[in-house]
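Contents: one structure, followed by commentary.
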Amino acid sequence: MLTAIEDEAPSLVVEFGPGTGSFTEAIRLRLRSRSQLIAIEQSDTFVGILQKRFPDLDLVHGSVETLPQILEQRGRGPADCILSGLPWAVFEPDLQQRILIAAAASLRHGGTFATFAYLQGLLLPSARRFRSLLESTFRDVRRSEIVWRNLPPAFVYHCRK
């Protein structure tokens with residue numbers, strides 16, 4: 001998930017659905033001192049956990065669908081990288097599409113969108129539909145090797161605008 005940060009030295013990273021902050025912590029460790037991280041979380045419970053764990057985090061309590069407005073409110077241009085921990089499998093296709101459109105609209109040209117999926121769902125029609133949606137939204141979609149040490153095994157989609 002974090003190769004885009006390590007490869008590109010981005011100035012603005014957005015995290016979709018940080019949850020309890022596992023990726024957030026890893027992202028913060030890899031960012032340069034002048035880089036900015038904006039995390040967007042919808043769950044009241046997770047927002048409370050994140051505020052305690054990372055009191056200086058630029059945390060938005062809201063929907064990732066509003067990312068273009070969030071960036072505009074902060075006077076920021078497009079993001080270099082968006083990392084998503086969202087549970088895509090539980091979202092309706094229409095919501096998936098709205099989120100991906102907001103992500104693509106908020107990425108700079110050549111920017112990276114990364115999200116993970118679990119191996120056991122790879123052959124399901126919903127997973128094939130999600131892959132197709134990624135391919136219709138981004139110009140280049142690649143899948144990482146399977147991470148067998150993850151339970152359940154997972155892989156990452158790396159998408160370029």
Side-chain angles (χ1 to χ4, degrees), residues 1-8 10 12-31 37-43 45-47 49-50 53-54 57 59-68 70-71 78-161:
M1 281 286 287
L2 303 176
T3 57
I5 294 174
E6 294 163 351
D7 294 345
E8 298 178 21
L12 177 59
V13 175
V14 176
E15 183 181 13
F16 283 1
T20 60
S22 297
F23 280 128
T24 309
E25 184 172 4
I27 292 166
R28 289 166 52 110
L29 289 171
R30 287 167 174 79
L31 288 180
L37 171 63
I38 299 172
I40 307 170
E41 177 57 60
Q42 195 161 10
S43 162
T45 301
F46 290 149
V47 165
I49 291 168
L50 291 163
R53 189 168 176 197
F54 308 106
L57 176 65
L59 176 63
V60 176
H61 186 182
S63 171
V64 298
E65 291 177 85
T66 64
L67 179 58
I70 291 167
L71 294 176
D80 300 299
C81 181
I82 298 173
L83 303 175
S84 173
L86 295 176
W88 297 102
V90 301
F91 296 157
E92 293 294 320
D94 184 55
L95 177 57
Q96 291 176 348
Q97 184 173 26
R98 289 193 317 267
I99 292 170
L100 291 175
I101 288 170
S106 302
L107 269 177
R108 68 167 171 79
H109 180 74
T112 300
F113 175 83
T115 190
F116 67 90
Y118 296 112
L119 179 63
Q120 76 269 17
L122 189 58
L123 298 178
L124 296 174
S126 59
R128 289 195 302 270
R129 185 176 55 247
F130 182 67
R131 169 76 188 234
S132 177
L133 186 55
L134 288 172
E135 290 173 342
S136 69
T137 306
F138 298 98
R139 70 174 167 86
D140 184 38
V141 177
R142 296 174 193 243
R143 197 182 89 199
S144 74
E145 297 292 323
I146 296 167
V147 181
W148 294 103
R149 291 177 45 194
N150 194 74
L151 293 176
F155 59 90
V156 177
Y157 286 115
H158 295 275
C159 309
R160 288 255 183 221
K161 179 175 175 180

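- Looking at C159 and V141, their side chains come closer than 4.5 Å, going by heavy atoms from C-beta outward.
- Between F116 and N150 the shortest side-chain heavy-atom distance does not fall below 4.5 Å.
- Between atom CD1 of residue I27 and atom SG of residue C81 there is a gap of 7.5 Å, rounded to the nearest 0.5 Å.
- Closest of all the heavy-atom pairs between L71 and P78 is CD1-CA, 4.4 Å.
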Distance-only donor-acceptor hits, side chain of residues 15-24, under 3.5 Å, sequence neighbours excluded:
{"from": "E15", "atom 1": "OE1", "to": "T24", "atom 2": "OG1", "distance (Å)": "2.6"}
{"from": "E15", "atom 1": "OE2", "to": "T24", "atom 2": "OG1", "distance (Å)": "3.3"}

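- The side-chain heavy atoms of L59 and F46, taken from C-beta on, include no pair separated by under 4.5 Å.
- Applying the salt bridge (charged side-chain N to carboxylate O under 4.0 Å, His left out) test to residues at least two apart or on different chains, the pairs with a partner in residues 97-123 are E8-R108, E65-R98, D80-R108, D94-R98.
- The two atoms that bring K161 and A104 nearest to each other are NZ-O, 2.8 Å, heavy atoms only.
- Nearest approach of G121 to A127, heavy atoms of both residues: O-CB, 3.0 Å.
- The two residues A39 and L57 have their closest heavy-atom pair at CB-CD2, 3.9 Å.
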Next item on the list: May I have the step-by-step check of side-chain contact (heavy atoms from CB on, under 4.5 Å) for F130 and L100, ending in yes or no?
Entry: CA-CA 10 Å; F130 182 67; L100 291 175; 4.0 Å; yes
Note to self: Apply side-chain contact (heavy atoms from CB on, under 4.5 Å) to residues F113 and T137 and explain how you reach the verdict.
What the structure shows: CA-CA 11 Å; F113 175 83; T137 306; over 6 Å; no
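- Exactly one residue among L133, L86, T115 makes a side chain to side chain contact (heavy atoms under 4.5 Å, CB included) with I99. That residue is L86.
- Crowding of R139 atom CZ: a count of heavy atoms from other residues, nucleotides or ligands under 6.0 Å exceeding 12.
- Rounding to the nearest 0.5 angstrom, the gap separating the OG1 atom in T112 from the CG atom in L83 is 9.0 Å.
- Under the side chain to side chain contact (heavy atoms under 4.5 Å, CB included) criterion, A26 pairs with L2, R30, sequence neighbours left out.
- When side chains are defined from C-beta on, V60 does not count as touching T66, because their heavy atoms never get closer than 4.5 Å.
- In this structure the side chain of V156 never reaches within 4.5 angstrom of the side chain of T3, judged on heavy atoms.
- Distance alone, capped at 3.5 Å, is enough to place a donor-acceptor pair between the Q96 side chain and the W88 backbone.
- Taking the side chain to side chain donor-acceptor pair (under 3.5 Å) definition, one finds that E25 meets it with R53, sequence neighbours left out.
- Applying the salt bridge (charged side-chain N to carboxylate O under 4.0 Å, His left out) test to pairs two or more places apart or on separate chains, those with a residue in residues 114-133 are R131-E135.
- For R143, there are no salt bridge (Lys or Arg N to Asp or Glu O under 4.0 Å) partners two or more places apart in sequence or in a different chain.
- Pairing each heavy atom of P10 with each of L31, the nearest pair is CG-CD2, 4.4 Å.
- For the pair I146 and P153, the tightest heavy-atom approach, listed with the atom from each and the gap, is CG2-CB, 4.0 Å.
- Atom OG of S63 is separated from atom CG of L95 by 7.0 Å, given to the nearest 0.5 angstrom.
- Contact annotation: the side chain of I70 never approaches that of V14 to less than 4.5 Å [non-hydrogen atoms, C-beta and beyond].
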